[in-house]
Every structure is written in C-alpha cells, then in structure tokens.
Amino acid sequence: MSAQNRIKGHGQLSLAKTINFTFDGTTYQGLEGDTLASALLANGVHLAGRSFKYHRPRGILSAGPEEPNALVNIARDSTRSQPNIRATVQELYDGLTAESQNRWPSLAFDFSAINDGLAPFFPAGFYYKTFKWPPKAWDKLYEPIIRAAAGLGKSPAEADPDRYANRYAHCDVLIAGGGIAGLTAALAAAKAGKKIILCDENPNFGGAILYDNALEIDGLSATEWVEKAVAELAALENVRLLTRTTAFGYYAQNFVALAERVTEHMAEPDPALPRERLWQVRAKEVILATGAIERHLVFADNDRPGIMLASAAQKYLNQYGVAIGANVGVFTACDSAWAAAFDLKKAGVNIAAIVDLRDNPPLELQEKAQTCGIRILRGYTVTKTSGRLRVQSISVQPINGGTVEQIRVDALLNSAGWTPSVHLFSQSRGKLKWHQDRDLFLPDIYVQDCISIGACNGTFDENELIAEAQAAGNATRKKAKAIRIENQSSWAGNAIGAAPGAGPSDNVKAFVDFQNDVTAKDIRLAVREGMHSIEHVKRFTTTGMATDQGKLSNMHGLAIAAEQLGKNLPDVGLTTFRAPYTPVTFSTIANHARGPLFDPTRKTPMHQWAVDKGAVFEDVGPWKRAWYFPKAGEDMHAAVNRECVAVRKKAGIFDATTLGKIEITGPDAAEFLNRLYTNPWTKLGVGRCRYGIMCREDGFIYDDGVIGRITDDRFHVTTTTGGAPRVMNHMEDYLQTEFTDLDVHLTSTSEQWAVIAVQGPLAREIIEPLVEGIDLSHEAMPHMSVREGKICGVPTRLFRMSFTGEMGFEINVPADYGESVWQAVYAQGEPRGLTPYGTEAMHVLRAEKGYIIVGQDTDGTVTPHDAGLSWAIGKAKPDFVGKRGMRRPDLVAEGRRQLVGLRTKNPKVVLEEGAQIVATPGQTVPPAIPPAIPMKMIGFVTSSYWSEALGHSIALALVEDGHSLEGDTLYVPMEDRTIEVEVSGCVFYDLDGGRLNGKN
Amino acid sequence: MLLIHCPYCEEERPEVEFAGAGEAHIDRPKDMNAMSDAEFEKFFFIRDNPKGVNYERWRHIHGCGRFFNAARDTVSDKFLTTYKSGEKKPEVATQKPVQGAKK
Amino acid sequence: MRNYSVFSLAREALRGHKGWAEQWRSPEPKKSYDVIIVGAGGHGLATAYYLAKEHGITNVAVIEKGWLGGGNTGRNTTIIRSNYLYDESAGIYNHAIKLWEGLSQELNYNIMFSQRGVMMLAHNVHDVQVFKRHIHANRLNGVDNAWLTPEQAKEFCPPLNISKQARYPVMGAALQRKGGTARHDAVAWGYARGASDRGVDIIQQCEVTGINRDAAGNVTGVETTKGTINAKKVGVVAAGHSSVLMQMADIQMPLESFPLQALVSEPVKPIMPCVVMSNTVHAYISQSDKGELVIGAGTDQYTSYSQTGGLHILTHTLDAIVEMFPIFSRMKMLRSWGGIVDVTPDRSPILAKTPVSGLYVNCGWGTGGFKATPGSGHVFAHTIARDEPHEINAGFTLERFRNGRLIDEAAAAAVAH
C-alpha cells in the first residue's frame, strides 16, 4: 500500500528509504526513521486499539511515551513476542509485524464493544457493588469473566532468548532529557570540564524543538542547531551521549536508573548486542530537563480515532512528513495548537476551524489565522463529535450557550496546555508547589543535589530557558555566551478539568483517562461516593493507573475532583510519582541474573569426581553437594542403604568441604571461644577437639561444630555449611564491638581447606600408608584429636572425629590438593571396599547415633537443654553468649519440646519428616462437631530414616517433656492412618560408643 | 541503593558492600547474670525505631569487614554521619531541605 | 445505608448514578468517644466495625493522619493464606479466612475474595522438610495445605518453570487451595462503609500527636491536629508507625520498621491462575483481576519511614521472577512502590493489652498483615471491648518478649543447613 498521507517537502525523513511492515495482517510501506504510529498515519490508519473497559475504538492520540491508546503486540518470532508496545515510540524496521490487542474478532469489529452500550451499568467501581450473590459465584463465575475481559495484550508464552546487560556509571552531572534545555546545559557543563552523561528517551536529541519549524537559534533552524550541538558534545571525551535511553527511576543519593533500548529498532539485531541495557548511574548532580507533556481536552466523545494532541499532529507533519488528515479541526485552550494548525495549513491541509475555549486568544495568532483564511471560533467549546472508527464531525457551541453547529472534519487537534514532567523530580522526593496563576505544579523543595530546567520547571520561554540551562550546567562560570532565540512559539493557555459541555449536568462521555475508560462523570461519581482524597479517586476510578500512568490524565482528574469537592486543587492532594517513568522490561532490571548466573554456584574441589561417579546433587545454600551415588539400577533408597552399610562394615569416603572453617588465633583465643560457645575451652589440650554449641543471646542453638586446638593460641573451628557466613559475622561482631579486651584474630578458612572424611572400621588402615609424620594409632591419636602432618606429601590437618559413629578421620588439605588427595585415598581404599557416600547416607548415619543437625533437628526455638546437650554447657563459666537468655521463664518451664528418639511399633514403617505427634489417638481435626477430643500436637518428627544397619526405621523428634517420656507410646496421625511410636533415647546404634574407638 | 561512608576505609561505597546490623549503642552488660527478665527484654528485643535520627550499626562486610556506627535520618534515609564503633554518640541535627533549586 | 446490589446498580444506571450516597461520612471529631482507634487501615477499620457490630460499641472514632486505607492496606500484594505452623498463628489466620469467606456478603461490598490458591515452592531438601512439617500441622489444625510434586505444581500453574536445569529446581510445593487474594482497597472501603453506617466516625487528615493519661496513668484520650479527643480506651493500629505512637505513652516496643517494596507489570490477559510464593528464591507473584502481575519484593536492610527502597531490592526480586517464570522476561514493570512494615523479633504480631490501662496495641504484622485483616479486627475489637484478649489472640502478647514464649514462625522455617 502506498502512503497517501505523506506530504512531499515536509518532514526530516528520506522518501527514498522505504521499508515494509504489517499491521493486523496488512502490509504497509513506511520510511526509515518512522515510528510505527507515523507510518500508520502516513497510510491513513488512525484506528489502532480498543479501550480497556468499553472496548471503544481508539486512534493514535500522541507522538510519545504518554500514548494511552495505540498499544500493539510486536513479535519478531514466537519467543520474542511483546505486548503493550506504544506505536508512538516503536521505531519502524523492515519486516516489523504488529498486531492490535484486546479485540475480537477484529479491530474494526470488536464483539466486546457491546460493553460501550452497557456503559451506564459499568460506572467506576461498579464491581464493588455487585457480583456478591451467590457467595460461591465470585471466583467461579463472575471473576473469570471479568479477568478474561480485562488485561490488554497477551503475556509472552515462551522463554525469552534475548540477552540483557547492565552498566554502572559515575559522573559529575547526569542530564535527563536532551531537548533544547538539556543540550544547552550539557554544552555548558561539558565546557566547564565536567564529566557528564546526557540521556534522552528518543532516537534523536532535540526534543520538542525538532518539530518547531519556525524557531531560530543563533540564526540556525532548530534541527541545524541540534545537529551542531550534538556534534560538539560527541567530540568531547568527558561526555557520554545516550539516546533511546529513559531515565526511569530516581533513587536515594542521586542514584538514577536508565533503561537503554539497544536493538528494538533494528530489523536484524546483531546477536552480540544485548536487547536492552540497564544503566545504574551515581551522579554528583542531576539536571532534570524532562520537558512537558501536552494534555488533551476533556470533552464529549473526545476519544474517537482521528482526535489527536495538537503537538503530536505537528510532530507527525514536521518530523515525519505526515498529514494526519485532509480536513482538520482544532480545539484548544493553548496557543501552541495554533502553531500546529498554521503548519498543517501551510502543508496544504484544510483547517476547518480553530475552536478556542478562550474569549481572547492572542491577537497575533488570530491575525495570522485570518491571513491564512482559517475560521476562528473564540469562546467556543466542542459539545459532541461523531464517527465510529474515525471522527467525522464536531459540534461546536459558544460556551455561554447559543446555536450548535456541526462541522465536518476527518481529524481534530486538541490541546489543554502543557504539564511539566515533574516525575523524576517527584521521585527524588522533592516537593511540588501549586502555582495558581499558571495552573501548574512546579518543583519547589529539593532534597537531593538536582535542579530542574526548562519546561519541566515551568520555563516555557526559550530565552529564560537558555539562561536557566546555562546556569545549571555551569554555575560558576561568569557569563555564558548569549544564545539568540527568534520566532519562538507560545505555550501559553491552559485548561484543566472538564471543558464546557462536559460539566456535572452534561450526560456525556468525556474521557479523562483513555486507556482505562475513566470519564469526568466517573470522577464526579467517586467524589459523590465519599472519595475525597485524590488517592481514593484514583483507586476507585482507576484513573492514572493505566500503562501511560496518568501522564495525560492526572491533572484533569485532580481538577474535576477539586471542582466537585468545592476545594482548591492542591487541597485534594497529588498522587505520588513513583518509578518507573515509563514501563521497564523485567529482564532489563534482572539482566544477567538468569539461569546459572541467578546465584553463583559453589562447588568443592572434588565436585567433578562426584559428577563423574554419577552422583546426584542437592542444593544446600549456594553449594552443590553430592546427595548419593547411585549405581546402575539403584534408586535413592538402595544407594543410600548400600552406602550406609559400607561405612558401618568397611569404610566410606565423604566430601565435607562445604563445612565452614574459621581459624581463631591469639593469646585470648580460648577465652574468646569460652564466651562464644556454651562449652568450656580453657582446658582443652593442644591436639584435642571438642564438639561446640553456639547460641545467640536468646539462648537458642545457633550453630554447632567440632573445634580443634592446634596450638595453645590457635583453634580450628568448623561450622555448619549454611551457617558459615553468619557465624563468622557473629564472631566478628562480638570481637569488634563487645569483647574488645580480647587479643584475637579471626580468619575465614572455608575456601582454604578441602575436607575428606574417611569413616568406618577400615578408615585407619586405608589412610595410614598415605600419612607422614602422624602416629595414627588409637593410643597416639584417640577419638576427638587433631594432628598436623602430611598426606600424599601435602600438608594436612588431620582430625580423628566422627559424624557417623564409626572410627573416622577428616583430612583437611589445602583446597588445591583436595581432588588429588581424594583420588589417592580413594585409590588406596577402593580395593578394600571404600565407598563414596553422599549427604543422605551421612544424615542416616548420624541419626543412628543421635547426632543433631542444626536447622533440621533444631529450628531456632531449641535450647541446648532441649536438644539433650546439657553436657555441652560449661556450668562453671561465669558468662557466655546465651547463658542469661537460657534462664528466661519460658526457657526453663515445663512442657518444652525436647529431642527424643522414636521407634515405630511396626519397624518397617518410616515416619515422614515433619509429621506431627499427639499423646492419644482419636483426636479430632477441627472444625469437627463435638463431642470430640481437641487436637493437641505435642511435637513433630525432625529426622526419619530407614536404618539398614539396624533393620528398622529410626526417627528423632521434638516432643513436649520428651526427656521424661522414654518408653511411652505416642501417636502420629497421618491422613489415612495413625502410626504408633515408642519414645526412646536419641542414640539407636552402638549405644556405648565403642565403635568410635575402633572397638565393638 | 544508599551510598555509605565507611569511617575505616574513609570513602563512600555502595550499600551492597555493607550489612545493616541494627540499633547502635546497646552495650552488652558486664554482668549479664544480674539482669532481670525486663532488662534482658530491653537489651535484646526493645528497639528505639525512631522516625528521625537513628543511631545504627553497619558492617563493611564486603570491604574492610569493620563494624561501625551511623546516624541516619529514617525519614529521608540520609546519612548524617558515620563513626567508628566505640566512639561517642555524636549530636546531629537533621538537614533542612532546600527551597528552590540548589545552586 | 444504601444496599449495593445488581438491582440498585441497574436503577442508578437509569438515572445517571446520581443517587449514590457517600460510602462513609466525613465528620468533624466529637469531643469524646468510648473508643478511639488510631489508624484507619484495614485492621483499624475492621476493629471499629466489629466493635460496633459485635459489641454494640458504636461511639467510636477512627483517626487517620492521611486517607483511609492509604498505608500498608493499599500497598500490599493482597495475598491471603493461613497455612502457618504454630497453633496460635494458624488460629488467627484461619479465623481470618473464615471471615474472608463471607465478607463480601456481610459488608454488602464486593471485596473480591478470590480463593485461587496459594502455592509455596520448595527448592531444596530443607524446604521440603519445612513444608511437610507445615502441611502435617495444618491438617491437624483443620487448615488446608497439600503437597504437590513439581509436575502437579506445573499443572496448577502452567507458567512455572520446573526444569531440572534451573539454578534452584522446584522440588515440590505446598498448596493452600483456600488461599488467594482480595481487592485491598475494597476491604478498607467496605469496612469503612460498614463502620460508618453503624455510627463510627472516621476522621481522616487528622494526625495523633499525643496520648493523654490521667494521674493514675490511665488513658484519657489523644491529642490530634484537630484538637483533644477524649476516650477511656485507645487502640493503636498504626503498622509502621506503631513505635512512634506507642512512644507517646512511654511504651517502647520490640519493633523495627523496614521499607517493603512491591511492583506490578502492565496488564495482560489471564496467565497466572494462582498465587506463587518462594521463600528460597525470594519472590511472590499473582495476577490481579485487572491483569497486572502483582509482585512482592523483600525488605531493605535498614529501618526507614521513607516508603521507598533501593532498586537492587527490585532487581533481586525480578531475577527470581524471571528465573521461576522465564516467559515473563519481556513483561514490563509498570509501577513500583514501598510501604513501611513493622517487624517483631519473632515475626508474629502483637495484639494485646499494654502496661497502660486503656491502651491497646495491634501491630507487628511485618510483611503479612493484610491476610489477617478480618480476624485481627475481630479479636482486637473483643480485646478492647472486654478488656481481655479473645482466646485466638491470647498468645500474641507483649509479655512474650519478657518471658520468652515466642511464636517464632521465622525460626521454625530455619535457614537451610
């Protein structure tokens, strides 16, 4: 299709550079540099979408990010489908495929448009008043219907293959907005030697002056001046220019987030490029030069396709060479729409009339209109429009009554004046002030190092703007070179609220918020219903909550509410502006953190060995730990049984590297441990180890681990895998801020040591040949001792300790040697039956011995006494962290949950971890009808396994007063049955512990 | 993301290098055992939580590792000062915002 | 009170909706009331409503420094569930669920309670253990909560990524089918309308600046920006500002106030059928009736009354969302905002009498107060009216921080080992 509305000799695009695109299946031709909207308009297409609620046909209203209507879905392929894209922002590329949204079966004929006829039944907030009966019908019937009707586009259905990037940047000055104000400030700041970043959301710098054909700056046209300014800036090393980059969030301490659209305008993006890039900028100063947005007028049926903001029409003509119609009306309260009309007229478009709400628009405008032969209707309003899929006529009437005249048009420009874009200023937490004389909210109180210049500061006069921008860019320079401005057009004139003809007594649909279908009537209804704060009005009517975030509607909504309330506008309040300024892609914010980069994966030096052995891994915090090592045909259960038996009968090898390790040194190291752990440490001999419990002040178990004394003033502390960072932090906290009298140093050595546990009756004979300089005999190195020496020629700290109940060693070697030592030990032991075992077998083995796992058998509410670890509390110690907390009334009261063992009456039954325990069977689950035995849970199963070594199941549980219940029968009520259990001690295997010493 | 001045490193670093560590100037009593339950409650659970200047602890956990104190306005989130742990609580006044553009 | 129904709506449709009255009155404060509730959020308004309805105490003022429902009530992600571990928690949240179920009819206001199910994801063995513990305890407390395999979770929520290749693969999920969402504003408005109709005065734009007591230390009323208002009973329901309010009566609280952020996407057609929560990867998501994906983030690490937080918190949240739901990668964040949540040391609320006679406090709901709104208001009204707690809130005392009888839901979900 040819582009019939492209006017030769207008616009800044080259007519030679044509490209094809499709919209709703029809192929059209556009030009390089077009937006989707300008290309559609060039082809005479105004109808671009349907509204949210009434499904009214909607056209392209604006030429920028404030667009509420022309939202489309663009899909490069099935994985790159994107809903709700503003046609007014999307740059055209060859092959672009767009589809309209929220309509069925077609955009021109939408079945749901029936809602429009039923609109009287759907006023603001109608859903609060109905759909209540029958009670069950809401989420079964009404809600699904409402949900299906709501929503605009469709969510992508496939994972996104694109890449997103992130940059941090620092600068002296960040300038948001590259219009005339931003460019001027940038030039001034750059020349003063400041490091600056200048960003603009558009593909080109220049902003609103790019479509101001009359303006002359220093004798140059606006476009020439912009070109020169940009070239000058681009040549400077201290300047970074970012186009297609929206400053969307202004956070504390001048931290500003920018979203750069890198490839969205390209027909065939280079796969090396990210789709979008997040810039996180920390600026010493921020200059806000975000301009202003023209408002629409609120009048009857102001939403028909073909009705457009005046500045948008001017931009489509002067930048894109597109006439939005052939016979165009103008309805305005602002001077700038006149200029748009003159430009269109000059391009050969008939201007049917300029209808101005004001009785006396500036004389020079009137004279100019007369010269061009444009009819002027002063003090008139538009009372009605007609046309279903495109506006066909407007009805005009003098404001103070009189004859209504119908004027045929095929498009209507309208303007209610300009709203400064104070969004970022407001996000910076600055306070706005209402200027009654100008009907504007303008920046007033600044709380961050920033400054607003130009239109966003209410400075519409270009001369004042230049001075303001130069001063902002370089406050210290004495005198900036004057810039000569000629032929500037005026932005004076304002109308906020409903236009005459859409007042409280007029029964018309005058839209305030287009996308969400909020009319002036809805706002008044909200006020009548008691919504007196603008936040209530907003929430009740949903005005300003659509994807354009109220850029057009906020001021009108506020004014109509204020009028209805009989209050001054600022007394109704102003909704808070929050990030983002325009919607930002999730992944632009998430960027690299996807898949494996979502969270770093920690692996031990022996990880690959386990992978090669076919281990199944589990996630423990950031770690991947070998869970079990299934052989061919084995399920988890079989593998774990085999691994457990191997450890009990022969020997097993286990990767314990993930445990946290902390080296504590210094003359007061033992005293430090005395204070941080419940146990006493002073008398622990060099070369010996002890199991330690750590509490916080509240007296609950916080962490545990084996601690070895290497020398008098050096301890090797181990922590739980998950607890390592917080234990280190806890220790540092006390050392730095409380126990400052102690001479102690802490070093995290978790990354330095690889830990190989060799456990089982054959453990000693397997490692003995590899060890140098350490006597491994039971007499020389008993259970719970530590020696330094060498293994496989590598320095080692060798612990004799056991988390399995078997005689065992934990070989600590420098992490870099972890894999080779592991391999050597495995080679040595494998012929004797040394079996690798994973965390699951480790859990079974330790549970057979009643060793707790902090976080599984304790949960932050368990004291050492509760856990049966009273023996580990140094009673003679005057103080330790947790000692006082443990004495609090509830912590010494009767009825505390205490750790016990459980044996199921049927030995084959393995309890489920987390299952609850009751004292008597037959208790009734609420809300049962009495008579019933009320449900009283007295505890729960913390650990439960099948013990292959014992031939029956075993479990640990926390049970009220459990320590006194040994031998009692308790009950575990499951969904389908109740399991009888007998309370036992926590140790199930090798009760006297002989095997630890290599006996039994 | 806040920007925090570490009094040990003597430079401003981004918040992600730091870990907040709660209210400052709560000393662990020398004789914990002498505390009543009410005193323990106050020590361990009760917090000022002021709307205004908060004296709080931070740790430069991904930096020098030191704990230090800060006075910060919880209404504006502005840091008024940071100081080394063990130093006396400084008197600070909240800053008045600037009317009209700064310059 | 004008009845809301499809019939009244139709009648009004024919006359331009001119007949609707204010949903609540906006009176000037009287000199004195029987009870003053400080804070017109959901919990405060519900308290006033139940004081009037259940206890016949209608001479009540609800005093609000901003606009009603404008605090955390209007800023939360509206998740409702009751699958808490401890009896006390299950008790109060399940009490709330039962009230939620009939609330639209009771208030004659559609609060859009939608029992679309709340699914909590388990990503490691520890999560599985913790969720199973919850499920068993919930079953015996009469609270529905069921275990789902990853495949069942995917069936319930098709956009969910259950790939084994995910960084933290889904190992299963706990599903509470009776959980869901409600329309937060409607909850505040419905209670406000119901309370106002029963005679409760809701005084907005009126800040409490002091709590007055007589020589014996008993509460006599409050000082406000609209003058002194007397009452023998004052209930503080001020969420993030509870510490500030209670300080006015010289009570220091075991509370800290943190920023909590949330965000919504642009609206799209129905895609998320339920609520999904993941504690391990830190994200909560549902889809509103308008079509927006509603996403909850975590708290910042410092206390604040600023109602703003850092971008890196949202970054972390969206990382998690995109990881769990790769199809939402190209969706766009439309709005983000922050609230102030008051957090107790054990993450359970305080709903109790105080050491000051006539002063009652309802606070400490942390990040999860919305779901409790009806239950909280109901038992708090009882506590104020009878000057003793209802059996459901008997455990949520201030004294527990002295005697150690905590209700530690957070500890019970202990950090992975």
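The basis for the numbers below is simple: all heavy atoms, side chains too, and nothing from hydrogens, waters or symmetry mates. Protein chains get the first letters and strands the later ones, always in sequence-line order, with residue 1 at the start of each.
Contact of A:A546 with chain C is made through the backbone alone, with heavy-atom distances under 4.5 Å. Using a 4.5 Å cut-off between heavy atoms, A:Y164 touches chain C through its side chain atoms alone. Contact annotation for A:A252: neither backbone nor side-chain heavy atoms come within less than 4.5 Å of a heavy atom of chain C. For A:R524, no part lies under 4.5 angstrom from a heavy atom of chain C. Looking at C:V281, the atoms closer than 4.5 Å to chain A (heavy atoms on both sides) sit in the backbone and in the side chain alike. Only the side chain of A:F255 comes within less than 4.5 Å of a heavy atom in chain C; its backbone stays farther off. When heavy atoms are compared at a cutoff of 4.5 Å, A:D698 does not approach chain C at all. Contact annotation for A:L152: both backbone and side-chain heavy atoms come within less than 4.5 Å of a heavy atom of chain C. With a threshold of 4.5 angstrom between heavy atoms, C:F7 does not approach chain A through any atom at all. Interface residue C:A320: backbone and side-chain heavy atoms are both found under 4.5 Å from chain A. Only the side chain of C:I295 comes within less than 4.5 Å of a heavy atom of chain A; its backbone N, CA, C and O stay farther away. Within the 4.5 angstrom heavy-atom criterion, only side-chain atoms of C:E323, from C-beta onward, approach chain A. Of the two parts of C:A21, only the backbone, made up of N, CA, C and O, holds a non-hydrogen atom closer than 4.5 Å to a non-hydrogen atom of chain A. Of the two parts of A:S81, only the backbone, made up of N, CA, C and O, holds a non-hydrogen atom closer than 4.5 Å to a non-hydrogen atom of chain C. Residue C:M171 touches chain A through its side chain alone, counting heavy-atom pairs closer than 4.5 Å. Proximity to chain C is limited to the side chain of A:E618, based on heavy atoms less than 4.5 angstrom apart. For chain A, the nearby parts of C:S306 are the backbone and the side chain; heavy atoms of each come within less than 4.5 Å. With a threshold of 4.5 angstrom between heavy atoms, A:T585 approaches chain C through its backbone and through its side chain. Of the two parts of A:T588, neither the backbone nor the side chain holds a non-hydrogen atom closer than 4.5 Å to a non-hydrogen atom of chain C. Contact of A:E975 with chain C is made through backbone and side chain together, with heavy-atom distances under 4.5 Å. Using a 4.5 Å cut-off between heavy atoms, C:V322 touches chain A through its side chain atoms alone. Interface residue C:I271: only side-chain heavy atoms are found under 4.5 Å from chain A. The contact between A:A149 and chain C is made entirely by backbone atoms, counting heavy-atom distances below 4.5 Å. Of the two parts of C:S26, only the side chain, counted from C-beta on, holds a non-hydrogen atom closer than 4.5 Å to a non-hydrogen atom of chain A.
Among C:Q287, C:R402, C:Q165, the residue making the largest number of heavy-atom pairs under 4.5 Å with chain A is C:Q287. Of the listed residues (C:G291, C:G69, C:S104), the greatest number of heavy-atom pairs within a distance under 4.5 Å of chain A belongs to C:S104.
C:R116 contributes no side-chain N or O that, together with a main-chain N or O of A:D139, makes up a donor-acceptor pair within less than 3.5 Å. With hydrogens and angles ignored, the 3.5 Å screen pairs no side-chain donor or acceptor of C:H136 with any backbone N or O of A:E912. A:R594 contributes no side-chain N or O that, together with a main-chain N or O of C:S329, makes up a donor-acceptor pair within less than 3.5 Å. Formation of a donor-acceptor pair under 3.5 Å by the C:Q105 side chain with backbone atoms of A:K132 is found in this model. Distance alone, capped at 3.5 Å, places no donor-acceptor pair between the A:H536 side chain and the C:G70 backbone.
Residues A:M937 and C:N141 are in side-chain contact: their nearest non-hydrogen atoms beyond the backbone lie under 4.5 Å apart. Looking at C:Q307 and A:R578, their side chains come closer than 4.5 Å, going by heavy atoms from C-beta outward. Counting heavy atoms from C-beta outward, A:T601 and C:R167 have side chains that approach closer than 4.5 Å. Residues C:D289 and A:E143 form a side-chain contact, since some pair of their non-hydrogen atoms from C-beta on lies under 4.5 Å apart. Side-chain atoms of C:L14 and A:P120, non-hydrogen and from C-beta on, never get closer than 4.5 Å to each other. Residues C:K269 and A:N102 are in side-chain contact: their nearest non-hydrogen atoms beyond the backbone lie under 4.5 Å apart. The side-chain heavy atoms of A:M531 and C:W24, taken from C-beta on, include a pair separated by under 4.5 Å. Contact annotation: the side chain of C:W20 never approaches that of A:R528 to less than 4.5 Å [non-hydrogen atoms, C-beta and beyond].
Expressed to the nearest 0.5 Å, how far CG of C:N110 lies from CH2 of A:W138 amounts to 4.5 Å. The CZ atom of A:R429 lies 4.5 Å from the OG1 atom of C:T308; values are rounded to the nearest 0.5 Å. The distance from atom CG of C:L334 to atom CD of A:Q549, rounded to the nearest 0.5 Å, is 4.5 Å.
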**Asked** Please walk me through it: do A:T861 and C:Y86 pass side-chain contact (heavy atoms from CB on, under 4.5 Å)?
**Response** CA-CA 12 Å; A:T861 67; C:Y86 288 110; 3.8 Å; yes

**Request:** Begin with the C-alpha distance, continue with both residues' side-chain angles, and end with the deciding distance and a verdict on side-chain contact (heavy atoms from CB on, under 4.5 Å) for C:R400 and A:D890.
**Result:** CA-CA 9 Å; C:R400 70 182 192 268; A:D890 194 60; over 6 Å; no

**Asked** For A:E529 and C:H17, what are the C-alpha separation, side-chain angles and deciding distance, and is it a side-chain contact (heavy atoms from CB on, under 4.5 Å)?
**Response** CA-CA 10 Å; A:E529 292 210 38; C:H17 297 281; over 6 Å; no

**Asked** Under the side-chain contact (heavy atoms from CB on, under 4.5 Å) criterion, do A:N84 and C:K332 qualify, and how do the steps go?
**Response** CA-CA 9 Å; A:N84 300 344; C:K332 288 186 168 185; over 6 Å; no

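The two residues A:P83 and C:M331 have their closest heavy-atom pair at CG-SD, 4.5 Å. Listed here is the closest heavy atom pair of A:K154 and C:V268: C-CG1, 4.0 Å. When all heavy atoms are compared, the tightest approach of A:Q856 to C:Q129 is NE2-NE2, 3.1 Å. Taking each heavy atom of C:R139 and A:V925 in turn, the nearest pair found is O-CG1, 3.0 Å. Residue A:F586 comes nearest to C:S265 through the heavy atom pair CZ-CB, 3.7 Å, listed as atom of the first residue, atom of the second, then distance. C:G309 approaches A:Y251 most closely through the heavy-atom pair O-CD2, 3.5 Å.
A:H532 and C:E22 are linked by a side-chain donor-acceptor pair at a separation below 3.5 angstrom, with hydrogens and angles left out of the test.
Considering only residues two or more places apart in sequence or on other chains, A:N507 meets the side-chain contact (heavy atoms from CB on, under 4.5 Å) condition with A:K521. The side-chain contact (heavy atoms from CB on, under 4.5 Å) check on C:A186 picks up A:Y128, C:Y109, C:I111, C:R183, with sequence neighbours excluded.
A:F940 does not carry C:K132 over the face of its six-membered ring by the limits of under 6.0 Å from the centre and within 45° of the normal.
A salt bridge is defined here as a Lys NZ or Arg NE, NH1 or NH2 lying under 4.0 Å from an Asp or Glu carboxylate O, and A:D162 with C:R330 meets this definition. Of the charged side-chain nitrogens involved, none lies within less than 4.0 Å of a carboxylate oxygen, so that C:E12 and A:K129 do not count as a salt-bridged pair. Taking 4.0 Å as the cut-off between side-chain N and carboxylate O, C:D87 and A:K936 do not count as a salt-bridged pair.
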